[in-house]
Structures are given as C-alpha cells and as structure tokens.
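Bear in mind the structure is a predicted one, so any value in this text is a computation, not a measurement. Sequential numbering from 1 along the given sequence is applied to the chain's residues.
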Amino acid sequence: MGQKPLRVVVWGTGGIGSIAIPAIQRRPGLELVGVWVHSEAKVGQDAGELANGEPIGLAATNDADALMALEPDCIVYCANARDSVAVAEYDRFLRAGINVVSTSAIGAIYPPVYRPRSRDKVVAAAEAGSTTFYASGIEPGFAADHLPALLTTQSISVTSVHSYEIGLYDDYPVAATMMDGMGFNRPLDFESGFTQPGAILHSWAGQVHFMADLLEVELDDVREEYLRVATPRDLHVACGTIEAGTCGALRIQVIGVVDGRDAIILDHVTRMAADLAPEWPSGPHDVTYRVEITGDPNIYCDMGFTTDDAAKLGIMGMDAGAGAMVATCMRVVNAIPYVVEARPGLLSSLDLPMTVPKGAFGV
C-alpha cells in the first residue's frame, strides 16, 4: 500500500494562498484538510471558490484551534502578518507538532541573518515540538541565492555575483503595496517603507550574506541603495493611476563589498511602464530574473515565467507577474514532503535536498 497523503492546511487566501489551494488539490501526495482566512466575510465560503472560483467542498474558517485539531502534517503560512504576529503563530504551530513552510518570513530564508529574537523563538519552538520551519520564495528564496549558488558549481573562480529582478509591475493590483509601501504615485522624496534605514537590508541582505558565506568570502560592508525616477505622463495601471511627475520606476540594491569593491549585488528594477528609466537594466521577459557571474567562466542566466491559464491557478488580474507568483508559492508547497521528513529546526535551502516536486509530472 502507498503512503498516506500528507495533511496540509493553507493559512491565508491572498495572492500566494489562492495559488496554494488548487496546487495542493492537484498533488496526489498532499491532502488539503483546512484553510484559514482572516476576513469574517470569507468564513464559511468554499475555499476553492475563494482561490480560483472552483468549489472543492471545503469551507474556510478563522478558527485556528479547529484547524490545529485536525493535526495537519504541515501548514503553508502565507498570511500578510507583521513579523511579531507571524512568529507568535509559528511558535504555536511548531510546539503543537505541526511543521510550517512560509512565504511570509523573508528574513528567515537564510537563518543566520534572521532577527535574533525571532530566530531564537522559532528554533526553540521547533525543538520543543520536534518540528521543522522552512521559508522560501522566488526572490528571495531562489533567484538571488539558490540559483546563483547552483550556477557557481560550474566555476573555476568567481570574482563577482550580480543577481537581478527586472520587473514590469503594471498589472499588480494592490495599491497599498505599490503606492504606500513602494512609493509609486508618490513624490520622489516620499518616505516609503524602503526609505527607512535598514529596511532594504532587512528584506534582502540575507541573499548577499548567503552567497558570501557559500563562497567563503568576508564582507567589508553591506549597503543599501534606493533610486526613483518620475513618470513624464499619467500611467493607468492595475493599482490605480500613477500621475505624471510622481514615482514611476524604482531601483533597490543591496551591495556586498569585498576587498574594497562591489562584489555581491542584489538588484531590483521595478517599472510601471516599460519605457521608464531606459538607462537601467531591462530583460527579455516582463519579469526577468538574471544572474551574472564574473570569473572563469563568465556566466549569464536569464529566467522568465509564463502561465497558460492564470485564473485556473488562482491568480486574478495579473499577467506578467503571474508565473513568478506561482513559482513563489511552489517553492514552499513542493518542499512540504522534504520538510516533513527533515530534522527539527529552522532550516534553509542548504539543509534540504533539491525540492523536486513529488507526483507533479503529468498532473
């Protein structure tokens, strides 16, 4: 007889949770047994209808105790919660014997640079419950850390690593994220979340440290840069109107300095129109993930995503970024069997085997 499917709960039905629900339903080795929602309006609704409009006969709930009583093997945590709130929930799940995979804990993707207070709490909970916590995504989680690490296995020598996300985000519909969070449709001197000292480093410095540690180089310094360019015309995009004279493109960099030179760089170029900031890098895809490694040999890699039916996958209203959203979700969903079998603790991609999807071929 074959093994029983792993019992899974999805925590949150936002962009990532809505993808996880139908993806788990399609995977023979996984069984979706519960879905948590924050909104009272969603309680009692069919989880499949919330995700992609296709009912699955499973009602969403905000009753955390009831979901934990189902004794799932793993929770896919994709709620949009502050770190303090999320860590308190991780602590509860892990101590109860439930493994957790998360796309929300960006800082935990490379545990050595995770906030010590959060890291210590997650580690203690995992040890107490003999459970495992794993965070990942496409960027960070793969494109600027796991992928360049894999590419360096072809190298004689490495002198620099430069990883990019180059994205056209005109189809991303969440105004709070794009405008208040990132600063689009705001004056170029607007104080966004990224202008706070250390905010960019908190989100992405882990990937620079990841590569430096793997390559066994010591960083002299890690600095952050945040550049903005105004749009010369009104842009009518999914999150609203970006008015002429306000921010229409931005560039975020985390720069690791080795022996006095910029050597390990993470670079995010985000535009609301393809022709803005032409002096900045562009790519062959609407959302391009690029790795450039100088050394022997020089290595160049561009990666892009497309989807044939974004709505079926649980993505509403997006085109260019839909494939990257799926990839973000599947980095943790595909890891579930490996996480369940892994040693207890707070693990990174270095602690797991390659998380090839089990049972996905032909599904």
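The local environment of CD in E341 is sparse, with at most 12 non-hydrogen atoms from other residues, nucleotides or ligands closer than 6.0 Å. Within a 6.0 Å sphere centred on CG of D351, heavy atoms belonging to other residues, nucleotides or ligands number more than 12. Surrounding CD of E71 are at most 12 heavy atoms belonging to other residues, nucleotides or ligands under 6.0 Å away. Annotation: R117, atom CZ; neighbour count of heavy atoms from other residues, nucleotides and ligands within 6.0 Å does not exceed 12.
When all heavy atoms are compared, the tightest approach of M179 to F190 is O-CE2, 3.9 Å. The nearest pair of heavy atoms linking V333 to P337 is O-CD, 4.1 Å. S192 approaches G181 most closely through the heavy-atom pair CB-O, 3.6 Å. Closest approach of R331 to I138, counting heavy atoms only: CG-N, 4.3 Å. Across A126 and P344, no two heavy atoms sit closer than the pair O-CB, 4.0 Å. The two residues V33 and L58 make their nearest non-hydrogen contact at O-CD1, 3.7 Å.
Using a cutoff of 4.0 Å between basic side-chain nitrogens and carboxylate oxygens, D267 and R290 are not scored as salt-bridged. Salt-bridge annotation for D189 and R228: absent, with no side-chain N of the basic residue lying under 4.0 Å from a carboxylate O of the acidic one. Taking a cutoff of 4.0 Å between a charged side-chain nitrogen and a carboxylate oxygen, D73 and K4 do not qualify as a salt bridge.
For N334 (side chain) and V356 (main-chain N/O), no donor-acceptor pair under 3.5 Å exists by modelled atom type. With hydrogens and angles ignored, the 3.5 Å screen pairs no side-chain donor or acceptor of R95 with any backbone N or O of A128. Within the 3.5 Å criterion, the main-chain N or O of A273 finds no donor-acceptor partner in the side chain of D170. Counting only distance, with no hydrogens or angles, the side chain of R251 and the backbone of W280 share no donor-acceptor pair below 3.5 Å. Listed for the T103 side chain is no donor-acceptor partner under 3.5 Å among the backbone atoms of G137. Put simply, the side chain of S348 never gets that close to the backbone of P111: no donor and acceptor are under 3.5 Å apart. Between the side chain of R271 and the main chain of L276, a donor-acceptor pair closer than 3.5 Å is present. Not a single donor-acceptor pair under 3.5 Å links the side chain of Y110 to the backbone N or O of M211. Looking at E224, its side chain does come within 3.5 Å of a backbone N or O of G198 through a donor-acceptor pair. Of the possible donor and acceptor atoms, none in the side chain of N62 sits under 3.5 Å from a partner among the backbone N and O of V37.
Classification of the H162-Y164 ring pair by plane angle, with boundaries at 30° and 60°, yields parallel. By the 30° and 60° cut-offs, the orientation of the rings of F305 relative to Y289 is perpendicular. Ring geometry for F133 versus Y90: interplanar angle of 30 to 60°, hence tilted.
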Quick one, Q207 with V254, criterion side-chain contact (heavy atoms from CB on, under 4.5 Å). Give me CA distance, side-chain angles, the key distance, then yes/no. CA-CA 9 Å; Q207 285 55 64; V254 178; over 6 Å; no
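Looking only at side-chain heavy atoms (C-beta outward), S349 and Y134 come within less than 4.5 Å of each other. When side chains are defined from C-beta on, T246 does not count as touching R186, because their heavy atoms never get closer than 4.5 Å. Looking at heavy atoms from C-beta onward, H202 lies in side-chain contact with R115 at the 4.5 angstrom threshold. The shortest side-chain heavy-atom distance between L188 and C247 falls under the 4.5 Å cut-off. The shortest side-chain heavy-atom distance between F184 and L235 does not fall under the 4.5 Å cut-off. The shortest distance between side-chain heavy atoms of N52 and I21 does not fall below 4.5 Å. In this structure, the side chains of Y338 and K358 come closer than 4.5 Å at one or more pairs of heavy atoms. A 4.5 Å side-chain heavy-atom check between V287 and E139 finds every atom pair outside the cut-off.
Of the residues listed (T131, V9, L67, I75), the one engaging F93 in a side-chain contact (heavy atoms from CB on, under 4.5 Å) is I75, and it is the only one.
Hydrophobic clustering, with ILVMFWY side chains joined whenever heavy atoms are under 4.5 angstrom apart, groups M325 together with V76. Cluster annotation: V161 is connected to M303 through the hydrophobic network of ILVMFWY side chains, with a link wherever side-chain heavy atoms come within less than 4.5 Å. When hydrophobic clusters are built by joining Ile, Leu, Val, Met, Phe, Trp and Tyr residues whose side-chain heavy atoms come closer than 4.5 Å, directly or via intermediates, M178 is grouped together with I200.
To the nearest 0.5 Å, atom CD1 of residue I242 and atom CG of residue N185 are 4.5 Å apart. From N80, atom CG reaches atom OG1 of T177 across 7.0 Å, with rounding to the nearest 0.5 Å. The distance from atom CH2 of W36 to atom NZ of K42, rounded to the nearest 0.5 Å, is 9.5 Å.
Close placement of the W204 and F194 rings is indicated, their centers lying within 6.0 Å of each other.
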